[in-house]
Amino acid sequence: MLRPVMGPRLKDFLQRWVITTVAVLVATHVVRGIDYDHWAALLVATLLLGLLNAFLRPVLMVLSLPLLIVTLGLFSLVINALLLLLVAELVKSFHVAGFWPAFWASLVISVISVLLNSITGTGSTRLTVRRGRIKRPKDGDGPGPVIDV
């Protein structure tokens with residue numbers, strides 16, 4: 001019997017790392033003020049960003065819970081920007097020009113990550129788009145309108 005080359009946890013980690021790398025790569029091309037010197041710096045920066053998102057981000061989310069509630073979750077972009085600034089401080093070949101480039105880059109990274117996670121089925125993020133009309137019963141005695149959230 002053949003054993004799988006990699007376990008499901010390693011495969012999931014590598015998929016998330018590739019998605020984060022692609023998202024940061026897109027952000028470096030879209031947002032002025034985010035740059036890297038060479039590919040190794042980008043790979044190390046995204047690996048570190050993934051580790052910080054796994055371990056430090058949940059702590060920051062709990063500590064800033066009142067702000068997250070008041071801003072309806074938009075403060076998470078500020079947390080992501082701060083983590084991106086921290087990565088730039090730790091990885092010298094990865095450059096972030098300041099808070100606002102980090103903020104816009106975190107927005108781009110979030111959108112690209114959601115899209116790629118939805119396409120690949122990685123993570124718990126799901127984005128569903130349905131088109132078409134709802135078929136209603138002709139006799140009018142159906143269950144009524146359905147609100148699908």
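Position 1 is the first residue of the sequence; numbering continues from there.
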Colleague: Considering non-hydrogen atoms only, spot the tightest contact between L85 and G98 and give its length.
Modeller: CD2-O, 3.6 Å

Colleague: Measure from the side-chain N and O atoms of D12 to the backbone N and O of P8, and report whether any donor-acceptor pair falls under 3.5 Å.
Modeller: no

Colleague: To the nearest 0.5 angstrom, please state how far the OG atom of S93 sits from the CG atom of L42.
Modeller: 11.0 Å

Colleague: Could you grab the distance from atom CD1 of I112 to atom CG of N117, nearest 0.5 Å is fine?
Modeller: 11.5 Å

Colleague: Taking V91 as the fixed residue, which of V44, L47, T46 is the one that meets the side chain to side chain contact (heavy atoms under 4.5 Å, CB included) rule?
Modeller: V44

Colleague: Would a 4.5 Å heavy-atom cut-off, applied to side chains only, mark H95 and D37 as touching?
Modeller: yes

Colleague: Could you tell me the separation between the CG atom of L67 and the CG atom of L60, rounded to the nearest 0.5 Å?
Modeller: 12.0 Å

Colleague: If you round to the nearest 0.5 Å, how far is CG of N53 from CE of M61?
Modeller: 9.5 Å

Colleague: Applying a strict under-4.5 Å side-chain criterion to I, L, V, M, F, W and Y, I'd like to know whether L25 and V114 cluster together.
Modeller: no

Colleague: Are L86 and L51 connected into the same hydrophobic cluster when the rule is that any two of I, L, V, M, F, W, Y join if their side-chain heavy atoms are below 4.5 Å apart?
Modeller: no

Colleague: How far apart are the closest heavy atoms of S110 and L77, and which atoms are they?
Modeller: OG-CD2, 4.0 Å

Colleague: Under 4.5 Å between side-chain heavy atoms, hopping through other hydrophobics if needed: is there a path connecting V31 to W100?
Modeller: yes

Colleague: Below 4.5 Å, heavy atoms only, C-beta onward: do V18 and Q15 meet side chain to side chain?
Modeller: no

Colleague: Looking only at heavy atoms, what is the nearest atom pair of A27 and I34, with distance?
Modeller: O-CB, 4.4 Å

Colleague: Under a plain distance cut-off of 3.5 Å, with no hydrogens placed, do N80 and R57 share a side-chain donor-acceptor pair?
Modeller: yes

Colleague: Considering only heavy atoms from C-beta outward, does the side chain of F94 approach that of V24 to under 4.5 Å?
Modeller: yes

Colleague: With the side chain counted from C-beta on, respond yes when R32 and P101 share a heavy-atom pair under 4.5 Å apart, and no when they do not.
Modeller: no

Colleague: Linking I/L/V/M/F/W/Y whenever their side-chain heavy atoms sit closer than 4.5 Å, directly or via other members, would I79 and F99 fall into one cluster?
Modeller: yes

Colleague: In this structure, would L43 and L52 fall into the same cluster of hydrophobic residues linked by side-chain contacts under 4.5 Å?
Modeller: no

